[in-house]
Amino acid sequence: MNLRDNYNIAIVGLGNVGSEVYKHLVKNKRSIEINTNSTFQIKYISAKTIGKKRSFSIPKKMWVKNPLALVKKDDVDIIIELIGGSEGVAKKLVFAALKNNKHVITANKALIFKHGNELAKIAEKNSVNLLFEASVGGGIPIIKSIKESLVGNKLFHIYGILNGTTNFILTEIERTKKSFKEILSTAQKLGYAETNPKLDLNGDDAKSKIAILSALCFKNKIINKSFLTEGIERIDLEDVEYAHQFKYKIKLLGISEIIDNKIKQRVHPCLISKDSDLAKINGANNAIMVEGNPVGKIVYQGLGAGKGPTTSSIISDLNSILKGNVTLPFGFNYSDAKEFKMFDFDNHVCKFYLRLVVKDKPGVLSKITSILSKHKISIQSVLQEPLDNPKNANLVIITHSAREKDMRFTLNKISKEKFMAKKITMIRIRNEKKL
Ligand code: HSE
């Protein structure tokens, strides 16, 4: 067999993922070349700390101090950006690389979320690849699947567990009863969490991912202005256990759907039936559900974080380039990108889980129920439990369906009452069924 083109690769960023990609490419060079009918060389590597002790050695001649210099080199065809972050060097590098006709592979969801609209335009104009399979769902081949395999469908709903770290925390907190902090530290050691883990916990990571998935599914410009994003910071073991008593699990979900030609896109924790498929996704796994016509509903599942899964997606993107493909970044011509209006989330209707830490005094429960009923929020179940501090009690309420706006208004009223000892925990309940 004659091998065709040769591609020169530069890897920028040699952390957990970058190192794994490098080792994989060295080890599997021949089989990748046979599979793609091309040859490739890792020409250059750039990393913040060149002198760092590593378990593998890199030839001296490969090192480049200033990664931005790579975009001008004639002997670089593909840049694999693994620095991360939506600004700084990663942003400069990817913009300059595409402008200089280099193919780019990146795992950087923050960058695609924030600048994907502009980057896609440049890539299209210059007929180069901007590939980002690793930015969403770790090793799950969701992006290529939407762009290519589901191309014959009209998709209208995509949702799921998009952040491995928070799913790991929510699962482990229930299983081990260890503290939130301790479990987060394990997630960091396992390489699941972002460099700044706040971005996992506050929902920002899932926010970038659902916005990218939405754009791919609904062929719209990435919606990167603000939309409802809540994380798991305010969820305690108590909530996980109360949810269990009511036959629910708590999951942080990213959800996007088209309703009456408007887009309803959000990230927030949900209580879902413990018998549903999503409730059974444990640890750092992600699960993504896609609905459309004529395909119906499909599920993707797999490890959503960590060096192995991320490397798998990067290698998949690289294979595509080595095979000589040039694909549109979002699978459709950017000039055709739609701009949907946002659904007004005030009109969202669902059941709610409420946990109120109240002073344990006569009349408190009746006062709360009367405020709720005054605002037409009807209670489905209620549970009261004394707390270690004997003056306080946990009051857990599951409501019937109510409008978001009414619920917020009512909770604001209740929170001003003197008997409230802490901020209210409110989690939306999602009617999630088995497949
Ligand atoms: N911090 C991310 C997560 C890594 O936990 O899912 C993968 O994007």
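Just follow the structure's listing: the first ligand is 1, and inside any ligand the first atom is 1. This one's a predicted model, so the numbers in the text were calculated from it and none came from an experiment.
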Seminar exercise, completed: Counting from 1 in the order shown, the ligand 1 atoms closer than 4.0 Å to a non-hydrogen atom of N163 are 2 (C), 3 (C), 5 (O), 6 (O)

For this session: Under 4.0 Å from a heavy atom of K209: give me the atoms of ligand 1 that qualify, with their elements.
Result: 2 (C), 3 (C), 6 (O), 7 (C), 8 (O)

Problem set entry | Six-ring centre of Y159, R430 cation under 6.0 angstrom, axis tolerance 45° | yes

Exercise. Counting only heavy atoms, which portion of D200 has something under 4.0 Å from ligand 1: side chain, backbone, both, or neither?
Worked result: side chain

For this session: State whether the shortest distance between N or O atoms of S135 and N or O atoms of ligand 1 falls below 3.5 angstrom.
Result: no

Exercise. At what distance is the nearest protein heavy atom to atom 5 (O) of ligand 1, and which residue and atom is it?
Worked result: T165 OG1, 2.6 Å

Exercise. Measuring from L201:CG to I169:CD1, what's the distance to the nearest 0.5 Å?
Worked result: 5.0 Å

Problem set entry | Identity and distance of the protein heavy atom lying nearest atom 6 (O) of ligand 1 | G164 N, 2.7 Å

For this session: For E194, counting its heavy atoms only, list the atoms of ligand 1 lying under 4.0 Å from any of them.
Result: 1 (N), 2 (C), 4 (C)

Exercise. How would you list all residue pairs meeting side chain to side chain donor-acceptor pair (under 3.5 Å) that involve residues 136-154, not counting sequence neighbours?
Worked result: S145-Y300

Problem set entry | F40 six-ring face occupied by K29 cation (under 6.0 Å, within 45°) | yes

Problem set entry | Any G304 heavy atom less than 4.0 Å from ligand 1 | yes

Exercise. Tell me, which pairs form a ring-ring contact (aromatic ring centres under 6.0 Å, His included) where one or both residues lie in residues 46-86, sequence neighbours left out?
Worked result: Y22-F56

Problem set entry | side-chain hydrogen bond (donor to acceptor under 3.5 Å, both in side chains) between S38 and D5, intermediate numbers included | CA-CA 5 Å; S38 296; D5 298 326; 5.2 Å; no

For this session: May I ask you to decide whether R428 forms a salt bridge with E230, counting only side-chain N to carboxylate O separations under 4.0 Å?
Result: yes

Seminar exercise, completed: Counting from 1 in the order shown, the ligand 1 atoms closer than 4.0 Å to a non-hydrogen atom of A305 are 3 (C), 4 (C), 5 (O), 6 (O), 7 (C)

